[in-house]
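This chain uses plain numbering: 1 for the first residue, then up along the sequence.
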Amino acid sequence: MGQQEETSGDTRGLRPLAPGRAEQRGVWLSVLLPFALVLVTVIAIVGTILSLRSPVQVAVLADSMLTVLVLFPLVLCTFPLVILSLVLVVLLNRWRPKSRSPLRRLEAWTALMEHNIEGWLENVDERVLNWAVRLAPLRELLTTFDPPAVESSDEGSE
């Protein structure tokens with residue numbers, strides 16, 4: 001029982017937050033505080049730019065702000081991708097000797113398939129030519145009822 005009294009005595013000093021108050025605090029910390037910080041930063045930048053007299057000073061400030069606000073976060077965000085790419089390159093170099101044999105088998109299989117397909121295409125080509133020769137007389141019949149072709153004279157237009 002003594003332990004229960006001690007633990008209850010420790011929590012008496014802390015007030016539990018009401019559900020509405022905890023929600024307001026969460027909104028303040030996650031939305032309003034970052035918004036206020038960005039707003040104060042923008043006002044400070046605008047005030048600094050308005051207080052500078054020389055265009056060179058403004059250019060230096062603009063370059064430094066671009067570096068701080070855009071390029072540093074970009075580098076930080078892409079750094080894990082660069083590390084991942086380097087790890088993948090190292091792993092691929094380790095796997096390369098192991099993949100030579102399967103790749104050579106794939107290359108041989110591809111060459112075999114190419115040879116087979118060329119043979120099939122030659123066979124199809126021969127059959128199409130044979131049928132074209134056999135059906136040549138029918139082609140003349142199909143053009144029997146076509147109107148005569150008008151001969152255009154390009155010599156007269158010059």
- Would the number of heavy atoms belonging to other residues, nucleotides or ligands and lying under 6.0 Å from CZ of R104 be above 12? no

- Members other than L135 in its cluster, when Ile, Leu, Val, Met, Phe, Trp, Tyr link by side-chain heavy atoms under 4.5 Å? W131, L138, L141

- How is the hydrophobic cluster of I117 composed, in terms of its other members, when Ile, Leu, Val, Met, Phe, Trp and Tyr link through side-chain heavy atoms under 4.5 Å apart, directly or indirectly? W120, L121

Name every donor-acceptor pair, under 3.5 Å, that has one atom in a side chain of residues 44-55 and the other anywhere in the protein, sequence neighbours excluded.
from	atom 1	to	atom 2	distance (Å)
T48	OG1	A44	O	2.7
S51	OG	G47	O	3.3
S51	OG	T48	O	2.8
S54	OG	V56	N	3.2

- Which ILVMFWY residues are connected to L84, directly or by a chain of links, through side-chain heavy atoms under 4.5 Å apart? L88

- In the hydrophobic clustering that connects Ile, Leu, Val, Met, Phe, Trp and Tyr at side-chain heavy-atom distances below 4.5 Å, which members other than V124 occupy its cluster, ordered by chain and number? V128

Donor-acceptor contacts, no H, no angles, side chain residues 59-82, under 3.5 Å, sequence neighbours left out:
from	atom 1	to	atom 2	distance (Å)
S64	OG	V60	O	3.2
S64	OG	L61	O	2.8
T67	OG1	D63	O	2.9
T78	OG1	L74	O	2.9
T78	OG1	V75	O	3.3

